[in-house]
S.K.: 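Structure in structure tokens, see below.
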Amino acid sequence: QVQLVESGGGSVQAGGSLRLSCAVSGFTNSRRCMGWFRQAPGKEREWVAAIYIRGGSTYYADSEKGRFTISQDNSANTVYLQMNSLKPDDTAMYYCAARYTSIGSRCSSPIVSEWNYWGQGTQVTVSS
């Protein structure tokens, strides 16, 4: 049974940093994407970043390039999202997601329905 469990959210002031973690279990192979999405109140869920586990290729939404870094620790079965220079607009519930695929570029798909597994989310609040 696949499980994704997020942690690391919290409240920070603008300009601060947070590191989100996604502990994963139950996957049967490394041909998969692990991604982060976020959803602010009243807005659609949006894709933020992703990593292809086999090979480690990373993908970012244009608005997060240079501020956010996605990484993996295979020994700990954990995916991280390091978020720096946070802005009030980054306030949202952040979700970890996963999809099996043999094509790494599919990790950059922002289409929510293409991601098969989801965590419960962790709240990030950035105050000005």
S.K.: Quick one: name the residues clustered hydrophobically with I103, using the 4.5 Å side-chain heavy-atom rule over I, L, V, M, F, W, Y, and just say none if it's on its own.
M.R.: none
S.K.: Quick one: closest heavy-atom pair of K43 and Q39, and the distance?
M.R.: O-NE2, 3.1 Å
S.K.: Any side-chain to backbone donor/acceptor pair from W115 onto S109? Under 3.5 Å, distance only.
M.R.: yes
S.K.: With rounding to the nearest 0.5 Å, note down the distance linking SG in C96 to CG in L20.
M.R.: 9.5 Å
S.K.: For Q72 and G56, work out which heavy atoms get closest and say how close.
M.R.: NE2-CA, 3.7 Å
S.K.: Can you list everything that forms a side-chain hydrogen bond (donor to acceptor under 3.5 Å, both in side chains) with R99? Sequence neighbours excluded, please.
M.R.: E114
S.K.: Return the minimal non-hydrogen interatomic distance between Q123 and A92, and the atom names on each side.
M.R.: NE2-O, 3.4 Å
S.K.: Pair up each side-chain donor or acceptor in residues 47-54 with any protein partner under 3.5 Å, not counting sequence neighbours, and list the distances.
M.R.:
{"residue": "W47", "atom": "NE1", "partner": "C107", "partner atom": "O", "Å": "3.1"}
{"residue": "Y52", "atom": "OH", "partner": "T101", "partner atom": "O", "Å": "2.8"}
{"residue": "R54", "atom": "NE", "partner": "S30", "partner atom": "OG", "Å": "3.0"}
{"residue": "R54", "atom": "NH2", "partner": "S30", "partner atom": "OG", "Å": "3.4"}

S.K.: Hey, any chance F68 and V79 share a hydrophobic cluster, counting ILVMFWY side chains that come within less than 4.5 Å of each other, even indirectly?
M.R.: yes
S.K.: Kindly write out the residues that satisfy side-chain hydrogen bond (donor to acceptor under 3.5 Å, both in side chains) with N29, not counting sequence neighbours, or none if the list is empty.
M.R.: none
S.K.: Establish, for the pair R45 and W118, whether the NZ or CZ atom is under 6.0 angstrom from the six-membered ring centre and no further than 45 degrees off its axis.
M.R.: yes
S.K.: Side chains of E46 and F37: does their closest heavy-atom pair fall under 4.5 Å?
M.R.: no
S.K.: Provide the full list of salt bridge (Lys or Arg N to Asp or Glu O under 4.0 Å) pairs with a residue in residues 7-16, sequence neighbours left out, each pair given once.
M.R.: none
S.K.: Looking only at heavy atoms, what is the nearest atom pair of N84 and S17, with distance?
M.R.: OD1-OG, 2.9 Å
S.K.: Starting at CZ of F27, measure out to CD of Q3 and round the result to the nearest 0.5 Å.
M.R.: 10.5 Å
S.K.: Take R38 and E64 through the salt bridge (Lys or Arg N to Asp or Glu O under 4.0 Å) test and state the conclusion after the steps.
M.R.: CA-CA 12 Å; R38 67 186 180 188; E64 277 68 55; 2.9 Å; yes
S.K.: Restricting to salt bridge (charged side-chain N to carboxylate O under 4.0 Å, His left out), what partner residues turn up for K65, sequence neighbours left out?
M.R.: D62
S.K.: One pair to check against side-chain contact (heavy atoms from CB on, under 4.5 Å): L81 and T69. What are the steps and the verdict?
M.R.: CA-CA 6 Å; L81 184 68; T69 303; over 6 Å; no
S.K.: Atom CD in Q13, atom OG in S127: separation rounded to 0.5 Å?
M.R.: 5.0 Å
S.K.: Would you name the heavy atoms of V2 and G26 that are closest together and state the gap between them?
M.R.: CG2-O, 3.7 Å
S.K.: What's the spacing between Q82 CD and S21 OG if we round to 0.5 Å?
M.R.: 9.5 Å
S.K.: When you measure from the side chain of Y60 to the backbone of I70, do you find a donor-acceptor pair of N or O atoms at a distance under 3.5 Å?
M.R.: yes
S.K.: Partners of V126 by side-chain contact (heavy atoms from CB on, under 4.5 Å), sequence neighbours excluded?
M.R.: V12, A14, L86, P88, D90, T91, V124
S.K.: I'd like to check the salt bridge (charged side-chain N to carboxylate O under 4.0 Å, His left out) partners of E6; sequence neighbours left out, ordered by chain and number.
M.R.: none
S.K.: Check the hydrophobic clustering (I, L, V, M, F, W, Y; side-chain heavy atoms under 4.5 Å; chains of links allowed) and say if W36 and V24 are grouped together.
M.R.: yes
S.K.: Can you name the side-chain hydrogen bond (donor to acceptor under 3.5 Å, both in side chains) partners of S11, sequence neighbours left out?
M.R.: none
S.K.: Can you pull the salt bridge (Lys or Arg N to Asp or Glu O under 4.0 Å) pairs that have at least one residue in residues 69-83, sequence neighbours excluded?
M.R.: none
S.K.: Taking ring-ring contact (aromatic ring centres under 6.0 Å, His included) as the cut-off, I'd like each qualifying pair that reaches into residues 74-98, sequence neighbours left out, listed once.
M.R.: none
S.K.: Could you pull out the closest heavy-atom pair between C33 and R106, with the gap in Å?
M.R.: SG-C, 4.2 Å
S.K.: Mind checking side-chain hydrogen bond (donor to acceptor under 3.5 Å, both in side chains) for T28 and listing every partner two or more places apart, or none if nothing turns up?
M.R.: Y100
S.K.: Stepwise, does the side-chain contact (heavy atoms from CB on, under 4.5 Å) test hold for R67 with K87?
M.R.: CA-CA 10 Å; R67 296 194 303 128; K87 309 172 185 177; 3.9 Å; yes
